[in-house]
Number of protein chains: 4
Amino acid sequence: TLPVAFFLGPCALESRAHALEMSAAIREIADRLGVHVVYKTSFDKANRTSIGSYRGIGLKEALPIFAEVRETSGLPVLTDVHLPEQCALVAEAADILQIPAFLCRQTDLLVAAAETGRPVKVKKGQFLAPWDMRNVVDKLAAAGARDILVTERGASFGYNTLVTDFRGIAALAATGAPVVFDATHSVQQPGGRGAASGGERAHVPALARAAAAVGVAAVFMETHEAPDRAPSDGPNMVPLDRLEAVMRQIIAVDATAKALPPVSL
Amino acid sequence: TLPVAFFLGPCALESRAHALEMSAAIREIADRLGVHVVYKTSFDKANRTSIGSYRGIGLKEALPIFAEVRETSGLPVLTDVHLPEQCALVAEAADILQIPAFLCRQTDLLVAAAETGRPVKVKKGQFLAPWDMRNVVDKLAAAGARDILVTERGASFGYNTLVTDFRGIAALAATGAPVVFDATHSVQQPGGRGAASGGERAHVPALARAAAAVGVAAVFMETHEAPDRAPSDGPNMVPLDRLEAVMRQIIAVDATAKALPPVSL
Amino acid sequence: TLPVAFFLGPCALESRAHALEMSAAIREIADRLGVHVVYKTSFDKANRTSIGSYRGIGLKEALPIFAEVRETSGLPVLTDVHLPEQCALVAEAADILQIPAFLCRQTDLLVAAAETGRPVKVKKGQFLAPWDMRNVVDKLAAAGARDILVTERGASFGYNTLVTDFRGIAALAATGAPVVFDATHSVQQPGGRGAASGGERAHVPALARAAAAVGVAAVFMETHEAPDRAPSDGPNMVPLDRLEAVMRQIIAVDATAKALPPVSL
Amino acid sequence: TLPVAFFLGPCALESRAHALEMSAAIREIADRLGVHVVYKTSFDKANRTSIGSYRGIGLKEALPIFAEVRETSGLPVLTDVHLPEQCALVAEAADILQIPAFLCRQTDLLVAAAETGRPVKVKKGQFLAPWDMRNVVDKLAAAGARDILVTERGASFGYNTLVTDFRGIAALAATGAPVVFDATHSVQQPGGRGAASGGERAHVPALARAAAAVGVAAVFMETHEAPDRAPSDGPNMVPLDRLEAVMRQIIAVDATAKALPPVSL
């Protein structure tokens, strides 16, 4: 079993300058900690709570920035796709395609992503039982995807709240795909602020440690140098200046957990 | 307040012959009961549980059938859209565009549907609080939609189960849009059969009567002459030969409820 | 099937004078509407959110008041029991013993209540699946209870919120016991005010109509002449001056629903 | 912060011989691992799913056995109380009184337990938000309890299932009471086998590691030499011959987590 890897980056691609700064800063942390990091960024926030919300800079503007981030930082780049026709374009500039949770059952999108030949990381819908991700993985595999990653990011629990069921990690792992824990979206409060989602960033370190103790391939965290000024998902992002400290906790627990002799009941 | 209307039809457009038979049968029932009915049909099941599941006959084949159903039965036709580029095409042949629950926050799809000028019926996501449908309605309205309908179809409740929270009808009505209760998808058991969704058709009449007692503009029910042989959603569809009896119950409760002097606490 | 009956009264037995006034007022309404009513009152609130909350006047003071209410109003009296040793005493002065929801699995309490020979009304725990009430009913029957009533009062749905799953009425009815819908506790928000429970009284009429449309033997509602001054459960009680209007709605829907030819799918 | 302690023992006190064997075996493990262990046992299962289920040997028979276990094993003894009058008796022979989850809001029981002067360990109800345990702790403290422990054991999540929300540990810790994670009841499936509860023992090690990574004072696990023959809670108990291996995992993660420099976001 490999040590924990990380998917890190701001929620949105805000500008070329911001992307270059963030990816450089994250690369530095990755080097210091000796961990494998993928840079996460989104060219479009296609399902914002409200129509007045920031959408992103768009695909055409984003593609050269992806390429530049990749080159300057040396980090692989992951980004979301929302429509089948975006997949081939995105695959030219990004290394991993991510399927958003709401869209995890949209067959055309899964197939288009799989057909690019790129690795596909798919988030478990908030409405989906963990064991039902097997059908999602099967859809991707049937369409030719070879590298598939599955992501836990919380399940609907009453209104405007998600809960992370850590029993689900075992069901996700049973698909055969590496399991990623999305520690920042798991503490989202969908719609919890009326025209925006809330979040409880304070719980990110504890949930990420829990995931590492259970056993995951990677942890995903969104980060921003000033989350409270970020155009989206601010309430749940990790401030950039705390990111390394949180990662150190995850790395320590991961190392301990992966060294344990297994026990099965 | 108008008497309750109905959205009725099979889950999938199985064939031209099937569509013509079903719509004729439903038209007869509508005439006998003197109620307003919209014919519901789907050209594509874009988010089936499993990749091996039946998808539908596709948009191109479906469009002339929509037109024929409309002409021969005299019923308006409603169908789902899954991608922005489908909206304009669908709007030529169908009367009402329906946004699936998983897609209720996909801004591009909402905008494309709104821009057709057709009425848009949007289902509340299983992951969404009822009051958060205001943001969805606002997105549609901002994109120019004039006739917007919102639909209750159950909320995630643990795994593989939905629950209908009838308190939510008031929150949906507060958006100003007429509220439709989807009585057959509300008893779905998503993913409950491994590679397919289950359902509890037996609860449809009681939940539909409850919705009528609370107060809704319309009830949506999928129906099939042989649900257990239907290519999708069989476990929750109403057998065609019971449909009229269920509708009579709904109509009776609706008439009683809408005649009541209001009371507010 | 009999027309809907009612369980009505304030949450707490506040004083002899208050009990006599409330029961007289409720008796008048019952006569005007021609319905069967049981007077509900509690001598002790044994599970208040906080230790500083009002507990009630206690069992010894309450027993003669129960008797007086019964005599002067002519209404049967129902009250909660919390401990096995209370049952025999309560059975002398009250007509029906009620088992609170949190205690619905406490075998000793169920047995003691059953052994009084009085009818026992038991509330479904917020943590219990509807079908698991069969075990509760079996416990009571095994201990000799002949008249058993089961009550729906909402299920846990995330935090500080309950949801009423109207599919559950069928499972409750399958126990063979008459089903009561508790319309005011179903809109409780447990712990929702920090040191007290909140509530959404506004939803009571709609949920009670829904229950009548589904089909229940009785509706339970707490009422108070000034809920916002009541010592407990104010946020979900029905103001006494609206009670009759709410009951009229329930009676109308009940009459319609019970006259419908049955349909089973 | 102290290293993780353990509450260990079979669900039920089956017999004097069984209690002496189990407590001796557990004491050996405790010595080998150098950890603080409390022996858990129940003289009565007061809220079994079904009336035909095993109840236990009863309080009078149990008290001398508690004393003998304490003497021979040297382990402190914890047991459940269900009724106020049991508290003083139990306090003579047991070291810690435990309030079951269903009863966590029963004021009289909390007060009687507090008044014994013994430490009181109270389980969070499956229906309770974590932050509402503050009211429970306040009730105990107001009645004079000095040593109060709070326990996470899962929250209702749909029907017949519990979910552990690890965000709740922080809310529990905010009461000031040490937090215990009950790893075996958290994987219970209440009522999941019709006339008995089911359970998913396989998830115990992962959830217990997660709790240790989040940070708890102690882990509670029920254990049995042959869970599938145990009179209660078999499906979720840890086989005695795997107990030490599970504990070693917890101890390792706990040591790592408690050595981490804190980070707050």
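Scope of the values below: all heavy atoms of this structure, side chains included, with no hydrogens, waters or symmetry mates. Note that the structure is predicted; figures quoted are calculated from it, not measured.
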Checklist entry - Where does A:Leu140 contact chain B at under 4.5 Å (heavy atoms): side chain, backbone, both or neither? => result neither

Checklist entry - Side chain, backbone, both or neither: which part of A:Arg55 has an atom under 4.5 Å from a heavy atom of chain B? => result side chain

Checklist entry - Can you list the steps and then say if A:Gln106 with B:Leu103 is a side-chain contact (heavy atoms from CB on, under 4.5 Å)? => result CA-CA 9 Å; A:Gln106 302 302 314; B:Leu103 303 179; 3.6 Å; yes

Checklist entry - Is any residue of residues 141-160 of chain A within less than 4.5 Å of chain B by heavy atoms, and which ones? => result A:Ala142, A:Ser156, A:Tyr159, A:Asn160

Checklist entry - Which of residues 161-172 of chain A have a heavy atom under 4.5 Å from any heavy atom of chain B? => result A:Asp165, A:Arg167

Next on the checklist: So for B:Asp132, is it side chain, backbone, both, or neither that comes closer than 4.5 Å to the heavy atoms of chain A?
Outcome noted: side chain

Checklist entry - At a heavy-atom separation under 4.5 Å, does B:Leu128 approach chain A through its side chain, its backbone, both, or neither? => result backbone

Checklist entry - Highest number of heavy-atom pairs under 4.5 Å with chain B: which of A:Asp138, A:Asp108, A:Val111? => result A:Asp108

Checklist entry - For the candidates A:Gly125, A:Ala129, A:Pro190, which exhibits the highest count of non-hydrogen atom pairs separated by less than 4.5 Å from chain B? => result A:Ala129

Checklist entry - What are the two closest heavy atoms between B:Arg105 and A:Arg48, and how far apart are they? => result NH2-C, 3.6 Å

Checklist entry - Can you name the nearest heavy-atom pair linking A:Ser50 to B:Asn135, along with the distance? => result CB-OD1, 3.9 Å

Next on the checklist: Shorter than 4.5 Å, heavy atoms on both sides: which option in B:Asp44, B:Thr107, B:Thr49 has the most such pairs with chain A?
Outcome noted: B:Thr49

Item to check | From A:Leu109 atom CG to B:Asn47 atom CG, the distance as rounded to the nearest 0.5 Å | outcome: 12.0 Å

